[in-house]
Amino acid sequence: MNETSKFSKITERISKLFHKIFEPSHIFYTITFFIIVIMISLLGFIANPIVGNVLLFIASTFSLTFIFLTIFGVVPNLKSYLFSPDKKFDRRKILSLIIAFGISTVIIAFYFIFTSLPEFPIQFLRWDYVLPYLFIVIYFGWNVIQIFFIRAGFEQYSIKVDNWVLKDKEDLKQNQFLSSIFLFLALAVPILIQIGTYFGFLDYFEANPGDPFDPLLWFNGWNIAMFVVIVIISWRLITIYIKSQRNQTPNVFSSIFYILIWIIIWYRSFSFINSFRSVAQAGGIDFFRILMDILLMIFTTIMVLKGLGTKVSKFRILNEDNLAFLLFAFTILYIEGQIVMITGAGVLTGSFTDRNQISMLNNFLILAVTLGFYWWYSEYTLERKGLILRKAFKPEEVVVVVRDFKEYLINSGALDANKISDGEFQNFLEREKLYIKNLEKDDKEKAIKE
């Protein structure tokens, strides 16, 4: 394989991961998007309601601009104008952006002016009520539900490791031994990471004796709390391990999944205590921290684009070209949700003095959700995979069990296939309120796999 071929594959991979935002057909819009993000981020350091109102208008306008471009991208005749791959800065692209921006500016300006009138009857629909709180909900909402998106990748990786380690599923004794080794490994990893974190960052949290917000004192308290958390979730891992052993379905899936989830828990918890340190020791202007905040914002933006894109790309109105526009629109609102809590806007006053305070609250919420999610999902996913006994079945799972049992009875000769037709079987399922419309489709897919 030559260098050109390797480069082409890497480029294709990046294009797929980030939904073509770095390709020549989209790079003009991507550069425009990042200019807006950087501008909002820089102005967001000014804690002033007037600045907040301006940023609210800018974020709303450009978000709506990209939504209009998303709609334009559905029209086949406009694709040559929006996504010409031969020129990165085609005049038609610039004109399309200007038109979308002009329409958006008129709409948002009208909305701001009209709802600001004293005669406007519905107070909660005013821009100064709706938009600030809506963007905050988008910011925290996306961060809180990210674990459900991250879970898919963690689960796939855990399955791959499980299949690689337990190659012979029939060798029960060997699999039990290997699963036990991975259990001890999984239990040891969080403890070792936490011990390493304590001694590695002990000097980083400077002591301030007599201060109730002494960073070192809180760092020590955080470490104690994290060891308590380790004990609690380790107990969860041990209980599901015992259940899998009783079910004679040993696995390393639960141990690998535990380690991966712990990495998220550790990162969010350490981010929380580090943000607390920054708040407690705040003083003057830290230009390095400001620069890192901007770089982190850009990195987060790319991750949001990637994560959200995999979820919304299945809708018909979206295609491989206009998907990026919707992601740009959402991400601008996501970033503005953080900024508006500092600057204030509309009736919302600035509740936080800097991003560290927001980071504390954000990381605490994500940490709580992640812990609760693991406690529930660690057992739920093993039940779905048949690795431990199920406590409950979904209606479609009941249908599959009943159907397989019918086939078992027919194959064993206990039931005459001529005495119960497919129609009678469907009537039985409907009577029991177990009828599934996609049952025939599932049958075809099962036949293809077999």
Side-chain angles (χ1 to χ4, degrees), residues 11 14-44 51 53-113 127 131 134-135 138 294 297-309 312-313 315-337 339-340:
T11 304
I14 293 175
S15 175
K16 183 178 180 181
L17 282 175
F18 297 108
H19 311 288
K20 303 178 71 172
I21 66 174
F22 298 118
E23 288 193 5
S25 58
H26 289 66
I27 194 65
F28 166 68
Y29 305 110
T30 303
I31 292 174
T32 303
F33 165 72
F34 278 112
I35 290 175
I36 299 166
V37 169
I38 294 173
M39 178 183 65
I40 293 175
S41 299
L42 288 173
L43 293 177
V51 175
N53 291 336
V54 173
L55 290 179
L56 195 67
F57 181 85
I58 293 174
S60 303
T61 302
F62 276 103
S63 180
L64 186 59
T65 297
F66 284 116
I67 290 176
F68 276 120
L69 289 175
T70 303
I71 298 172
F72 295 165
V74 179
V75 182
N77 294 334
L78 294 180
K79 283 191 174 183
S80 60
Y81 288 89
L82 294 172
F83 311 112
S84 53
D86 52 333
K87 294 182 180 180
K88 296 180 180 179
F89 301 98
D90 190 356
R91 291 181 180 178
R92 294 177 295 182
K93 295 178 182 179
I94 299 175
L95 180 61
S96 300
L97 180 64
I98 292 175
I99 293 174
F101 176 74
I103 298 173
S104 302
T105 302
V106 171
I107 293 175
I108 297 299
F110 178 79
Y111 174 61
F112 271 57
I113 295 172
W127 69 268
L131 295 184
L134 174 62
F135 295 169
I138 290 175
I294 294 174
M297 182 71 73
I298 294 174
F299 174 76
T300 303
T301 298
I302 295 176
M303 291 299 102
V304 171
L305 288 171
K306 179 180 178 296
L308 181 65
V312 300
S313 58
F315 295 103
R316 292 183 179 181
I317 194 174
L318 301 173
N319 53 59
E320 62 178 3
D321 291 318
N322 71 350
L323 172 60
F325 294 146
L326 184 63
L327 302 180
F328 291 158
F330 172 84
T331 308
I332 290 173
L333 301 185
Y334 168 84
I335 293 171
E336 175 61 17
I339 300 300
V340 76

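What's counted below: heavy atoms across the whole structure, side chains too, no hydrogens, waters or symmetry copies.
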Going by the angle between their ring planes, with limits at 30° and 60°, are Phe325 and Tyr29 parallel, tilted or perpendicular?
perpendicular

Under 30°, 30 to 60°, or over 60°: which ring-plane class applies to Phe328 and Phe33, parallel, tilted or perpendicular?
parallel

Any idea which heavy atoms bring [X] and [Y] closest together, and the distance?
| X | Y | result |
| --- | --- | --- |
| Phe135 | Glu336 | CD1-CG, 3.4 Å |
| Ile107 | Phe68 | CD1-CZ, 3.6 Å |
| Ala329 | Ser63 | O-OG, 3.0 Å |
| Phe62 | Ile332 | CB-CD1, 4.0 Å |
| Ala59 | Ile40 | CB-CD1, 4.2 Å |
| Thr61 | Ser104 | O-CB, 3.4 Å |

Evaluate the side-chain proximity of Ile98 to Phe101: yes if any heavy-atom separation is below 4.5 Å, no if none is.
no

For the atom pair [atom1] ([X]) and [atom2] ([Y]), what is the distance rounded to the nearest 0.5 Å?
| X | Y | atom1 | atom2 | answer |
| --- | --- | --- | --- | --- |
| Ile335 | Leu55 | CD1 | CG | 11.5 Å |
| Leu64 | Ile108 | CG | CD1 | 5.0 Å |
| Trp127 | Ser60 | CH2 | OG | 9.0 Å |
| Thr65 | Ile58 | OG1 | CD1 | 11.5 Å |
| Ile67 | Leu333 | CD1 | CG | 7.0 Å |
| Ile99 | Ile94 | CD1 | CD1 | 12.0 Å |

Give the C-alpha distance, both sets of side-chain angles, the deciding distance and a yes or no for side chain to side chain contact (heavy atoms under 4.5 Å, CB included) between Phe66 and Ile36.
CA-CA 12 Å; Phe66 284 116; Ile36 299 166; 4.2 Å; yes

Within the distance-only criterion (no hydrogens, no angle test), does the side chain of Ser96 pair as donor or acceptor with the backbone N or O of Leu82 below 3.5 angstrom?
no

